[in-house]
Amino acid sequence: MGLREPEEIQQQIVRETFHLVLKRDDNICNFLEGGSLIGGSDYKLIYRHYATLYFVFCVDSSESELGILDLIQVFVETLDKCFENVCELDLIFHMDKVHYILQEVVMGGMVLETNMNEIVAQMEAQNRLEKSEGGLSAAPARAVSAVKNINLPEIPRNINIGDLNIKVPNLSQFV
């Protein structure tokens, strides 16, 4: 077998995880040994099924299964609070916010925060910051507005710096 692209390997891991978790009955425990791509018996898949959503964490054998189940519960409840009844579309169209929430909970394999109210407060602070900045989509409009509002009596046509002579084009078409 030749060297595969990282994206192809990631997709294979997602497919393998999906097939391992999906074929299990609801009355079976939520822990199972990782598949061949995930690392076999050294790793465990711990998952929770909520309506149409599956949340799966892959952890090494030293992690507490019940601790990870609680962590998944905190993550899902936080998503539910931030998105008001989280659904697939929230996860798809707001992936950046989902990643932000997950990074508030876990970063670099370490659990940072399990207090849902603290996580939600951080998310709300981030939302306020984005709104006060007008979001990234407003940046070009703000830049054009700033250029239009420059109070120069006359835009210089030639700039001389020592031996360097720069001819400035007519910018009136942009203003």
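Counting begins at 1 with the first residue of the sequence. Predicted model, so just to flag it, every value in this text is computed and none were measured.
- In this structure the side chain of Ile119 reaches within 4.5 angstrom of the side chain of Val105, judged on heavy atoms.
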Is there a side chain to side chain contact (heavy atoms under 4.5 Å, CB included) between Ile101 and Met123? Walk through the geometry before answering.
CA-CA 7 Å; Ile101 293 167; Met123 185 66 193; 3.8 Å; yes
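- Between His49 and Asp26, the shortest heavy-atom distance links the atoms ND1-OD1, 3.8 Å.
- The environment of Tyr54 atom OH is dense: over 12 non-hydrogen atoms of other residues, nucleotides or ligands sit within 6.0 angstrom.
- The CD atom of Glu124 lies 7.0 Å from the SG atom of Cys82; values are rounded to the nearest 0.5 Å.
- When each of Ile68, Val56, Val59 is checked for a side-chain contact (heavy atoms from CB on, under 4.5 Å) with Leu45, only Val56 meets the rule.
- If you chain together hydrophobic residues whose side chains sit under 4.5 Å apart, Leu71 and Val21 never meet in one group.
- With 3.5 Å as the limit, one finds a donor-acceptor pair spanning the side chains of Glu77 and Gln73.
- Tracing side-chain contacts under 4.5 Å through hydrophobic residues (I, L, V, M, F, W, Y), one never reaches Leu79 starting from Met116; they form parts of separate clusters.
- Here the straight-line distance linking atom CD of Gln12 with atom OG1 of Thr17 works out to 10.5 Å at 0.5 Å rounding.
- For the pair Asn115 and Asn117, the tightest heavy-atom approach, listed with the atom from each and the gap, is OD1-N, 2.9 Å.
- Checked by atom type, the side-chain pair Glu118/Gln122 shows a donor-acceptor distance below 3.5 Å.
- A donor-acceptor pair is defined here as one N or O able to donate and one able to accept, closer than 3.5 Å; no such pair exists between the side chain of Asn30 and the backbone of Ile46.
- Lys44 has no carboxylate O lying under 4.0 Å from a charged side-chain N of Glu33, or vice versa, which leaves the two without a salt bridge.
- Distance alone, capped at 3.5 Å, places no donor-acceptor pair between the Asp25 side chain and the Asn27 backbone.
- Without hydrogens or angle criteria, Arg48 side chain to Leu53 main chain gives no donor-acceptor distance under 3.5 Å.
- For the residue pair Asp90 and Phe83, the shortest heavy atom distance occurs at OD2-CB, 3.6 Å.
- Under a hydrophobic-cluster definition in which Ile, Leu, Val, Met, Phe, Trp and Tyr are linked whenever side-chain heavy atoms come within less than 4.5 Å, directly or via other members, Tyr100 and Val120 are assigned to different clusters.
- Not one N or O on the side chain of Asp70 forms a donor-acceptor pair closer than 3.5 Å with the backbone of Gly67.
- No more than 12 heavy atoms of other residues, nucleotides or ligands sit less than 6.0 Å from atom CD of Glu84.
- Grouping the Ile, Leu, Val, Met, Phe, Trp and Tyr side chains by contacts below 4.5 angstrom, directly or via other members, places Val76 with Val111.
- Within the model, atoms CG of Leu22 and CZ of Arg24 stand 11.5 Å from one another, a figure rounded to the nearest 0.5 Å.
- No option in Leu69, Ile72, Leu32 other than Leu32 meets the side-chain contact (heavy atoms from CB on, under 4.5 Å) test with Tyr47.
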Show your reasoning for whether side chain to side chain contact (heavy atoms under 4.5 Å, CB included) applies to Lys97 and Asn127.
CA-CA 9 Å; Lys97 291 182 180 181; Asn127 287 340; 3.7 Å; yes
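- Leu91 and Tyr50 fall within the same hydrophobic cluster, where Ile, Leu, Val, Met, Phe, Trp and Tyr residues are linked whenever their side-chain heavy atoms come under 4.5 Å apart, directly or through other members.
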